[in-house]
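Every heavy atom of this structure was used, including side-chain atoms; hydrogens, water molecules and symmetry mates were not. Order of listing sets the numbers, starting from 1, for every ligand and every atom in it.
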Amino acid sequence: MDMGLKGKKAIVCAASKGLGRGCAEALAREGVDLVICARGAEALEEAANAIRARTGVRITAIACDITTPEGREAVLDACPEPDILVNNAAGPPPGDFKTFTLDDWRAAVEANMLTPIALIQATVYGMMERGFGRVVNITSGAVKAPIPVLELSNGARAGLTGAVAVIARKAVKHNVTINGLLPGAFDTDRLRSVIRKTAEAQGLSEEIVAAERAASSPAGRFGRPEEFGAACAFLCSAHAGYITGQNILIDGGAYPGLL
Ligand code: NAD
């Protein structure tokens, strides 16, 4: 299927690895020029070079922390009028409600709620004027079913989901959509580091912990970043202009509810 995206411009945040990279790769395959960012310059350059070599699209790589005003300014300077915005940043750490400080909550809200809101506010009105725009917020399955040890994430991501629900419905008349993509367990560095810590804490091997976790999914495996990227590319495509304000789980069937 031709996604109708050739020559469009996208900002993909936090894209040197994992889910952000999966989205960047999938959009580049559709001929989308990219501005990508990540915190570490080396992995970011490696990703930019690899994607450029495979697809031939123009890629600008900005090493920055997207959760800071300076990071957002650098990315927006490089691409002031994106057609596509994929919001992403590392999730908050696990912990317990009893010991979280207000600063912990502020950091989670800053990274996973206010940062995407700021980028949407800076770009969505231009998209509406130009008559095309796609925003995908990478959030978490926690939006549908809160995860016990990730209360900071549950709160910040639910906040973002509520915050964009109205603008998603105002923008769609202008062929601009805003949707959430909610990952379950995907095989990325983040998942592997959680597995490593669990294995250490339980005195088990990483292989055993990973195999048990994968087997607990109805799919019997972890998701692959390229599967996530393909879904993102479809939501960004010319064909998806009637899908807005939705929060779409990609979790191999892990969420047990009907809706
Ligand atoms: P990852 O650790 O594999 O990749 C993170 C990427 O984001 C790297 O390129 C890193 O440089 C970049 N990055 C992180 N914070 C950044 C920042 N502040 N500014 C710029 N770049 C930044 O992570 P992932 O597994 O791809 O996760 C992406 C998001 O999805 C996270 O918010 C994570 O919590 C969420 N999530 C992941 C899973 C999963 O199973 N992988 C499940 C649910 C939610």
Next on the checklist: Is it the case that ligand 1 has an N or O less than 3.5 angstrom from some N or O of Gly20?
Outcome noted: no
Item to check | Pair Glu46 + Arg52: basic N to acidic O under 4.0 Å | outcome: no
Item to check | Validation row: Val135, Asn87 side chains within 4.5 angstrom (heavy atoms) | outcome: yes
Next on the checklist: Set out, in order, the CA-CA distance, both residues' side-chain angles and the distance that settles salt bridge (charged side-chain N to carboxylate O under 4.0 Å, His left out) for Arg21 and Glu25, then state yes or no.
Outcome noted: CA-CA 6 Å; Arg21 169 118 179 220; Glu25 299 256 9; 2.9 Å; yes
Checklist outcome for this item: Quick note on ligand 1: atoms under 4.0 Å from a heavy atom of Ser140 include exactly 43 (C), 44 (C)
Next on the checklist: What verdict does the side chain to side chain contact (heavy atoms under 4.5 Å, CB included) test give for Asn175 and Tyr242, after you've listed the backbone C-alpha separation in whole Å, the side-chain angles of each residue and the deciding distance to 0.1 Å?
Outcome noted: CA-CA 8 Å; Asn175 192 21; Tyr242 208 55; over 6 Å; no
Checklist entry - Taking N or O atoms only and a 3.5 Å limit, does Thr188 qualify as a polar contact for ligand 1? => result yes
Next on the checklist: With respect to Ala185, determine whether any N or O atom, backbone or side chain, lies less than 3.5 Å from an N or O atom of ligand 1.
Outcome noted: no
Checklist entry - What residue and heavy atom of the protein are closest to atom 31 (C) of ligand 1, and at what distance? => result Ala89 O, 3.3 Å
Checklist entry - Is the shortest N/O to N/O distance between Asn112 and ligand 1 below 3.5 Å? => result no
Checklist entry - Do Gly141 and ligand 1 have an N or O pair less than 3.5 Å apart? => result no
Checklist entry - Under 4.0 Å from any heavy atom of Thr67, which atoms of ligand 1 are there? => result 18 (N)
Checklist entry - Just how far is it from atom CG of Asp65 to atom CD of Glu70, taken to the nearest 0.5 Å? => result 9.0 Å
Item to check | Any donor-acceptor pair under 3.5 Å from Glu151 side chain to Phe97 backbone | outcome: yes
Checklist entry - Under 4.0 Å from ligand 1, counting heavy atoms only, is it the side chain of Asn88, its backbone, both or neither? => result side chain
Checklist entry - Under a 4.5 Å cut-off applied to non-hydrogen side-chain atoms, are Ile84 and Leu27 in contact? => result yes
Next on the checklist: Side chains of Leu182 and Asp251, heavy atoms from C-beta outward: is any pair under 4.5 Å?
Outcome noted: no
Item to check | Sidechain N-carboxylate O distance under 4.0 Å for Arg192, Asp189 | outcome: no
Item to check | Those atoms of ligand 1 less than 4.0 Å from some heavy atom in Ser16 | outcome: 8 (C), 9 (O), 11 (O)
Checklist entry - Would you call the rings of Phe228 and Phe186 parallel, tilted or perpendicular if under 30° counts as parallel and over 60° as perpendicular? => result perpendicular
Next on the checklist: Give me the residue, atom name and distance of the protein heavy atom closest to atom 19 (N) of ligand 1.
Outcome noted: Ile66 N, 2.9 Å
Checklist outcome for this item: of all protein heavy atoms, closest to atom 13 (N) of ligand 1 is Ala14 CB, 3.5 Å
Checklist entry - Can you list the ligand 1 atoms lying under 4.0 Å from a non-hydrogen atom of Leu19? => result 26 (O), 30 (O), 37 (C)
Checklist entry - Does an N or O anywhere in Ala90 fall below 3.5 Å from an N or O of ligand 1? => result yes
Next on the checklist: Quick test: of every protein heavy atom, which one is nearest to atom 36 (N) of ligand 1, and how far off is it to 0.1 Å?
Outcome noted: Pro183 CG, 3.8 Å
Checklist entry - Is it the side chain (CB and beyond), the backbone, both or neither of Arg157 that lies under 4.0 Å from ligand 1, heavy atoms counted? => result side chain
Checklist entry - Under 3.5 Å, N or O to N or O, is Ile138 touching ligand 1 that way? => result no
Checklist entry - So do the side chains of Cys13 and Leu119 get within less than 4.5 Å of each other, counting heavy atoms only? => result yes
Checklist entry - Counting heavy atoms only, which of Arg192, Arg213, Arg190, Arg72 comes nearest to atom 33 (C) of ligand 1? => result Arg190
Checklist entry - Does any N or O atom in Leu191 lie less than 3.5 angstrom from one in ligand 1, N or O only? => result no
Next on the checklist: How far is atom 40 (O) of ligand 1 from the closest protein heavy atom, and which atom is that?
Outcome noted: Phe186 N, 2.8 Å
Checklist entry - Are the side chains of Ile59 and Ile36 in touch, meaning some heavy atoms are under 4.5 Å apart? => result yes
Checklist entry - Heavy atoms, side chains only, cut-off 4.5 Å: are His174 and Phe132 in contact? => result no
Next on the checklist: I'd like to know if Glu200 and Lys197 make a salt bridge, using a cut-off of under 4.0 Å between side-chain N and carboxylate O.
Outcome noted: no
Item to check | Closest protein heavy atom to atom 5 (C) of ligand 1, given as residue, atom name and distance to 0.1 Å | outcome: Lys17 O, 4.5 Å
Checklist entry - In ligand 1, which numbered atoms sit nearer than 4.0 Å to a non-hydrogen atom of Gly91? => result 31 (C), 32 (O), 34 (O)
Checklist entry - With a 4.0 Å cut-off, strictly under, does atom 44 (C) of ligand 1 pick up any protein heavy atom? => result yes
Checklist entry - In terms of residue, atom name and distance, what is the protein heavy atom nearest to atom 38 (C) of ligand 1? => result Gly184 O, 3.7 Å
Checklist entry - Which part of Cys64 is near ligand 1, with near meaning a heavy atom under 4.0 Å away: side chain, backbone, both or neither? => result backbone
Next on the checklist: Less than 4.5 Å apart, side chain to side chain, heavy atoms only: is that true for Thr198 and Leu204?
Outcome noted: no
Checklist entry - Which residue supplies the protein heavy atom nearest to atom 18 (N) of ligand 1, what is that atom called, and how far is it? => result Asp65 OD1, 2.8 Å
Item to check | Pro92 side chain near Asp104 side chain, heavy-atom distance below 4.5 Å | outcome: no
Checklist outcome for this item: The atoms of ligand 1 lying under 4.0 Å from a heavy atom of Thr139, numbered in the order shown, are 35 (C), 44 (C)
